[in-house]
Amino acid sequence: MEEALDKELKAAIAKTTAGLSPIALAAAYSDWALHLATAPGKQLQLVEKAARKSWKLASYATTCATHPDPPQPCIEPLPQDRRFSSEAWQSWPWNVIHQGFLLNQQWWHNATTGIEGMTQQHENVMEFVSRQILDVFSPSNSILTNPDVQQETARQGGWNLVRGWQNFVEDATRLGSGQKPVGAEAFQVGQNLATAPGKVVHRNRLIELIQYAPTTDEVCPEPILIVPAWIMKYYILDLGETNSMVRFLTDQGFTVFMVSWMNPDAGDRDLGMDDYMSHGVMAALDAVQAITQRNKVHAIGYCLGGTLLSIAAAAMARDGDARLKTLTLLAAQTDFTEAGELQLFINDSQLTFLEDMMWKQGYLDTSQMAGTFQLLRSNDLIWSRMIHDYLMGERTPMIDLMAWNADATRMPYRMHSEYLRRLYLNNDFAEGRYRVGDRPVTVSDIRAPVFLVGTERDHVAPWHSVYKFNLLSDTDVTFVLTSGGHNAGIVSEPGHPRRHYRIAFRAKDANYIGPDRWMANTSPVEGSWWPALSDWLTKHSGEATSPPPLGSNENGYPPLCDAPGTYVFQK
């Protein structure tokens with residue numbers, strides 16, 4: 001009863017903090033404040049910096065006010081910061097306003113970093129939190145200090161603000177009633193999303209396995225099994241007819257199977273990582289082999305599905321199971337020491353708080369996950385949208401990828417806790433402590449050749465973290481670094497404008513090359529990386545043969561229903 005009382009309190013607090021532990025934040029603040037209070041040298045340095053920045057801004061403002069041509073700015077925004085890029089921000093007084101904000105932002109960065117004795121995670125948390133607070137007060141967020149909004153308001157006679165208010169009310173109403181964003185209703189699964197023809201050939205408590213119909217007279221003998229993450233609906237890899245990886249692979253002469261995960265609820269709270277591997281990856285692999293009557297399979301894993309597939313591949317290698325012909329990992333991490341800003345939310349205090357919140361409801365809700373990811377890219381996902389939709393009064397047209405992103409899934413209490421603790425917090429898999437069954441598994445046991453893909457602007461699985469597979473593996477690795485982010489970089493079909501990638505092969509006995517040097521030494525290639533994957537898979541495949549049947553009645557895998565199945569519709 002006492003333990004339940006503790007959990008109930010934390011679960012109640014979590015509703016008002018979006019799942020963030022106030023104790024973890026207080027610990028970071030205390031670490032920063034106490035170390036800064038006992039660092040007179042750092043304090044003096046900050047005073048000097050404040051004085052220099054004030055003098056620099058005053059000189060800049062004076063020059064701007066007395067000379068017709070604006071001087072060189074005091075400070076340039078970061079490359080990814082596009083808030084002040086328009087011409088209107090370069091004229092008086094808006095140039096002084098945004099320069100003052102950027103100097104203030106830089107000073108707070110200095111104030112929260114480089115403090116001797118402070119733990120690295122607490123430093124990262126304080127830098128992140130200070131940046132989030134400052135972004136709230138960015139001059140671009142207010143009509144009073146945003147010249148672009150003022151010009152648009154004058155041009156339209158204020159109608160942009162009227163439309164913006166209508167947009168705000170509509171969005172708030174939809175959010176409150178649990179409806180999808182405006183425009184998402186134009187994209188329907190089975191109608192213009194996830195339309196590749198096929199059959200569900202296996203169903204268990206956790207997955208439906210979809211086998212797609214062949215589109216060529218002959219296919220490579222080794223089928224492809226795709227394991228997406230269960231934090232997302234599988235059809236990100238089967239969006240429309242032109243940007244479906246499934247259709248692309250079948251058109252290249254491959255037999256493709258896809259795992260479609262069940263959307264868990266409170267009754268699934270005790271499902272763990274072992275369940276997802278045995279009832280997910282291994283059950284699907286058994287079905288693929290039984291249907292196609294092939295001993296070798298090309299396995300592809302995306303994001304969290306790629307991590308799970310790596311664990312399964314390591315366990316199979318440990319146990320002498322040689323069914324994997326190749327392994328393709330898309331934006332998937334195996335070492336979590338450089339997992340990006342998501343690590344800010346990973347420590348014992350925060351995870352205990354999160355576990356108590358999940359204990360109450362039995363799962364991690366979609367809105368709680370979405371809020372965390374939005375914080376990681378608040379300028380792009382929160383504030384820029386507020387300016388565009390509510391101050392400019394415009395609407396960003398809905399696209400298939402955005403509609404898919406609004407169709408999120410939940411994660412079971414036990415599985416998510418195990419995933420965060422064993423991988424993110426303790427890094428057990430990379431360090432040889434992750435156990436499958438009664439024995440540990442290790443990446444270095446994997447001998448199948450690997451096609452590894454990272455994306456340049458990934459905020460979920462940063463490409464430097466994905467690249468660390470090269471440090472752990474003892475097999476041939478072909479690494480691809482593609483433009484785009486975690487999702488748009490993977491959905492990069494041929495013909496997509498402004499796409500490029502880098503690709504290089506590393507033999508298992510070659511010397512290690514660091515990620516930044518690898519990037520500098522590898523020239524970009526214009527276009528989609530999908531053909532490179534197809535060529536690589538073909539190179540590791542046998543002679544083409546007739547397509548296998550859709551399902552196999554005699555082997556216990558009869559077709560159950562048409563793709564996209566039933567699990568994808570679970571809300």
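Values in this document were obtained by computation on a predicted structure and should not be read as measured data.
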Enquirer: Of all heavy-atom pairs between V491 and N243, which one has the smallest distance, and what is that distance?
Expert: CG1-O, 3.8 Å

Enquirer: Is the backbone of K49 close enough, under 3.5 Å, to the side chain of N110 for a donor and an acceptor to pair up by distance?
Expert: no

Enquirer: Indicate whether the side chain of S244 and that of D238 have a donor and an acceptor atom separated by less than 3.5 Å.
Expert: yes

Enquirer: What residue pairs, at least two apart or across chains, pass side chain to side chain donor-acceptor pair (under 3.5 Å) with a residue in residues 444-453?
Expert: T442-S444

Enquirer: Do you know the tightest heavy-atom contact between M273 and E418?
Expert: N-OE1, 2.8 Å

Enquirer: Between S54 and A50, is there a donor-acceptor pair closer than 3.5 Å when you use the side chain of the first and the backbone of the second?
Expert: yes

Enquirer: Not counting sequence neighbours, which residues clear salt bridge (charged side-chain N to carboxylate O under 4.0 Å, His left out) with R323? List them please.
Expert: D286, D321

Enquirer: Could you name each residue pair satisfying ring-ring contact (aromatic ring centres under 6.0 Å, His included) that touches residues 487-506, not counting sequence neighbours?
Expert: none

Enquirer: Could I get the full list of ring-ring contact (aromatic ring centres under 6.0 Å, His included) partners for Y419, not counting sequence neighbours?
Expert: Y424

Enquirer: When you measure from the side chain of Q105 to the backbone N and O of R131, does any donor-acceptor pair fall under 3.5 Å?
Expert: no

Enquirer: Can you find a side-chain donor-acceptor pair between Q120 and N124 that sits under 3.5 Å?
Expert: yes

Enquirer: Using a cut-off of 6.0 Å, state whether more than 12 heavy atoms not belonging to W108 lie near its atom CH2.
Expert: no

Enquirer: With side chain to side chain donor-acceptor pair (under 3.5 Å) as the rule and sequence neighbours excluded, what pairs involving residues 30-39 come up?
Expert: D31-H35, D31-T119, D31-H122

Enquirer: May I ask you to check whether T326 and H298 show a side-chain donor-acceptor distance below 3.5 Å?
Expert: yes

Enquirer: Taking all non-hydrogen atoms of both residues, which atom of Q333 and which atom of P462 are closest, and how far apart?
Expert: OE1-CD, 4.1 Å

Enquirer: Hey, mind stepping through N347 and S349 against side chain to side chain donor-acceptor pair (under 3.5 Å) and telling me if it holds?
Expert: CA-CA 6 Å; N347 58 38; S349 175; 4.6 Å; no

Enquirer: Which residue pairs pass the side chain to side chain donor-acceptor pair (under 3.5 Å) test when at least one of the two sits in residues 513-527, sequence neighbours left out?
Expert: H464-D516

Enquirer: Stepwise, does the salt bridge (Lys or Arg N to Asp or Glu O under 4.0 Å) test hold for D428 with R435?
Expert: CA-CA 9 Å; D428 285 345; R435 302 177 76 86; over 6 Å; no

Enquirer: Test the R506-F479 pair against the cation-pi criterion, namely NZ or CZ under 6.0 angstrom from the six-membered ring centroid and within 45° of the ring axis.
Expert: no

Enquirer: Just checking W94 against F84, ring centres under 6.0 Å apart?
Expert: no

Enquirer: Below 4.0 angstrom, N of the basic side chain to O of the carboxylate: do D407 and K233 qualify?
Expert: yes

Enquirer: State whether K325 and E222 are salt-bridged, where the test is any N-O pair (Lys NZ or Arg NE/NH1/NH2 against Asp/Glu carboxylate O) under 4.0 Å.
Expert: yes

Enquirer: Main chain of A24, side chain of Q350: is a donor-acceptor contact present, judged purely on distance under 3.5 Å?
Expert: no

Enquirer: Using the salt bridge (Lys or Arg N to Asp or Glu O under 4.0 Å) rule, take E456 and R502 through it: C-alpha gap first, then chi angles, then the decisive distance, then the call.
Expert: CA-CA 10 Å; E456 291 178 352; R502 292 173 167 86; 3.4 Å; yes

Enquirer: Work out which heavy atom in D335 is nearest to a heavy atom in A430; give both atom names and the distance.
Expert: OD2-CB, 3.6 Å

Enquirer: Is S534 close to F254 at the side-chain level, that is, under 4.5 Å between some pair of heavy atoms?
Expert: yes

Enquirer: Salt bridge check: are R421 and D348 linked by an N-O gap of less than 4.0 Å?
Expert: yes

Enquirer: Centroid separation under 6.0 Å, is that true for the rings of W261 and Y234?
Expert: no

Enquirer: Any chance you could lay out the salt bridge (Lys or Arg N to Asp or Glu O under 4.0 Å) test for E116 and K42, step after step, and finish with the verdict?
Expert: CA-CA 9 Å; E116 191 172 295; K42 179 69 173 181; over 6 Å; no

Enquirer: Do Y302 and N487 get their side chains close enough for a donor-acceptor pair, meaning under 3.5 Å?
Expert: yes

